[in-house]
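See structure below.
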Amino acid sequence: MRVFRGVLDIYHFSYGWFTPVLAYFMSVTGCLLGLQCAARGRNAVEGRVGWLIGAAIAIGGTGIWVMHFIAMLGFTIRGAEIRYDLPLTLFSAVTAMVVVGIGLFMVNKPQPTLRSLLAGGTITGLGVGTMHYTGMYAMRSTATVTYDAKIVTLSMVIAVVASIVALWFTLRVKGFLATVGAAIIMGVAVTGMHYTGMAAMHAHSNHHAAPPTGSGAMDLLAPLIGVSSIVTMLVLISVSLTEIENEEALPRMWLTSRHEPKNRRQQPIPPAPLPPAPGAPTREHIEYRTEELVYDGAGSWPRRVVD
């Protein structure tokens, strides 16, 4: 049986407001890039898969994962050392991108349904929560960490609701200003989920714990975050310069696939044209003539002239 000798103080803002503001900014930037990619893949004739994969990498990679670990740069536990396991940290990044990709491919189709939106948002939200707590499990510390189950559940609910809203944005938002507004809302939801999950954490002293193994926050996270941020900004600029195909044509959402209108399910087939009667002139042999009325003089009857 493990005995906790004392509760340790946890600090989420060791560098002041710098890390939460930067984390929120990167979340908004990643979500903005993801929405831009999703808008281009929504009605693209070619390259739809590539645009949706790009959206998954932007939202899951930068909007969620990079935001999470930028916020973790300001996380400290008084009297405890913190290190990070590299394989688990990278696995959490892959998890975020994969689950966002699953949700995007579930809802971004010619005839999206409310059922697919709810299912895709639930899968994505649970995956985002898994990414968060996998990243926390990758943290190695001399302190013993426990979680409040109620707050953990609340954070998962926030993740699911935020994911449903985010996927809905990828379907319905058009125009740059509306996209920026949607990205701002998504950034609030992502950071809110993160700090709600962090509020569930409690740290206890453990004098028998071995020194943690792994990489330090600045040694591991700073290079990954720096490279990801630079690439995201460059890609966002280049994507913003491209045009969106059929931007006005937003797909209509149905409750289920069974609620599609009948005229879309069974469109009448036009009858085949009848063959021409024997001896009747074909289209190639029809001569088009013009005729007009000509007056030879004032008060005279018109004379018909046929060309």
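Computed from heavy atoms alone, side chains included, the values below leave out hydrogens, waters and symmetry copies.
One hydrophobic cluster, built from ILVMFWY side chains closer than 4.5 Å, cannot hold both Val160 and Ile151; they sit in different ones. Residues Val107 and Leu126 share a single hydrophobic cluster, defined by chaining ILVMFWY side chains whose heavy atoms lie under 4.5 Å apart. Transitive grouping of hydrophobic side chains (ILVMFWY, heavy atoms separated by less than 4.5 Å) brings Leu90 and Phe69 into a common cluster. In this structure, Tyr195 is a member of the same hydrophobic cluster as Met156, with clusters built from ILVMFWY side-chain heavy atoms closer than 4.5 Å. Ile57 and Val28 sit in two unconnected hydrophobic clusters of ILVMFWY residues. Membership requires side-chain heavy atoms under 4.5 Å apart, directly or through other members.
Minimum heavy-atom separation, Leu88 to Ala138: CB-CB, 3.5 Å. Of all non-hydrogen atoms in Ala71 and Ala23, the two that sit nearest each other are N-CB, 4.0 Å. The heavy-atom pair separating Ser141 from Ala80 by the smallest distance is OG-CB, 3.7 Å. The two residues Val152 and Ala200 have their closest heavy-atom pair at CG2-CB, 3.8 Å. Minimum heavy-atom separation, Ala96 to Met131: CB-CG, 3.6 Å. Smallest separation of non-hydrogen atoms from Gly121 and Ser163: O-CB, 3.3 Å.
The distance from atom CE of Met136 to atom CE of Met198, rounded to the nearest 0.5 Å, is 3.5 Å. From Thr62, atom OG1 reaches atom CG of Leu33 across 7.0 Å, with rounding to the nearest 0.5 Å. Interatomic distance, Thr124 OG1 to Met106 CE, rounded to the nearest 0.5 Å: 8.0 Å. Rounding to the nearest 0.5 Å gives a distance of 11.5 Å between CH2 of Trp65 and OG1 of Thr95. With rounding to the nearest 0.5 angstrom, the NE2 atom of His68 is 5.5 Å from the NE2 atom of His132. Annotation: the span from Ile59 atom CD1 to Leu104 atom CG amounts to 5.5 Å, rounded to 0.5 Å.
Exactly one of Ile123, Thr170, Ile64 qualifies for a side chain to side chain contact (heavy atoms under 4.5 Å, CB included) with Val100. That residue is Ile64.
Within the 4.5 Å cutoff, the side chain of Met139 has heavy atoms near those of the Met72 side chain. Counting heavy atoms from C-beta on, the side chains of Tyr24 and Val190 never come closer than 4.5 Å. Here the side chains of Tyr15 and Leu22 are not in contact, with every heavy-atom distance at 4.5 Å or above. Taking the side chain as every heavy atom from C-beta outward, Leu118 and Ile164 approach each other to under 4.5 Å. Between Ser155 and Val157 there is no side-chain heavy-atom pair separated by less than 4.5 Å.
Within the structure, every pair that satisfies the ring pair (Phe, Tyr, Trp, His ring centres under 6.0 Å) test and touches residues 137-165, not counting sequence neighbours, is listed here: Tyr133-Tyr147.
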Would you sort out whether Leu8 and His204 count as a side chain to side chain contact (heavy atoms under 4.5 Å, CB included), showing the intermediate values?
CA-CA 5 Å; Leu8 301 177; His204 305 269; 5.9 Å; no
CA sep, side-chain torsions, deciding dist, call: Met186, Val165, side chain to side chain contact (heavy atoms under 4.5 Å, CB included)
CA-CA 8 Å; Met186 291 170 65; Val165 174; 5.7 Å; no
Could you give me the CA-CA distance, side-chain angles and deciding distance for Met201 and Phe75, then say whether side chain to side chain contact (heavy atoms under 4.5 Å, CB included) is met?
CA-CA 12 Å; Met201 175 185 291; Phe75 175 79; 3.3 Å; yes
Chi angles and distances behind the side-chain hydrogen bond (donor to acceptor under 3.5 Å, both in side chains) call for Tyr11, Arg78
CA-CA 8 Å; Tyr11 300 97; Arg78 174 178 288 185; 2.6 Å; yes
Evaluate side chain to side chain contact (heavy atoms under 4.5 Å, CB included) for Leu154 paired with Ile158, printing each intermediate quantity in order.
CA-CA 6 Å; Leu154 176 61; Ile158 294 175; 4.2 Å; yes
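A donor-acceptor pair under 3.5 Å is formed between the side chain of Thr142 and the backbone N or O of Glu81. Looking at Ser14, its side chain does come within 3.5 Å of a backbone N or O of Gly74 through a donor-acceptor pair.
A donor-acceptor pair shorter than 3.5 Å cannot be found between the side chains of Ser92 and Thr89. Neither side chain, Thr29 nor Thr232, offers a donor N or O lying under 3.5 Å from an acceptor on the other.
Evaluation of the side chain to side chain contact (heavy atoms under 4.5 Å, CB included) rule for Val180 yields Leu32, Phe176, Ile184 as partners, not counting sequence neighbours.
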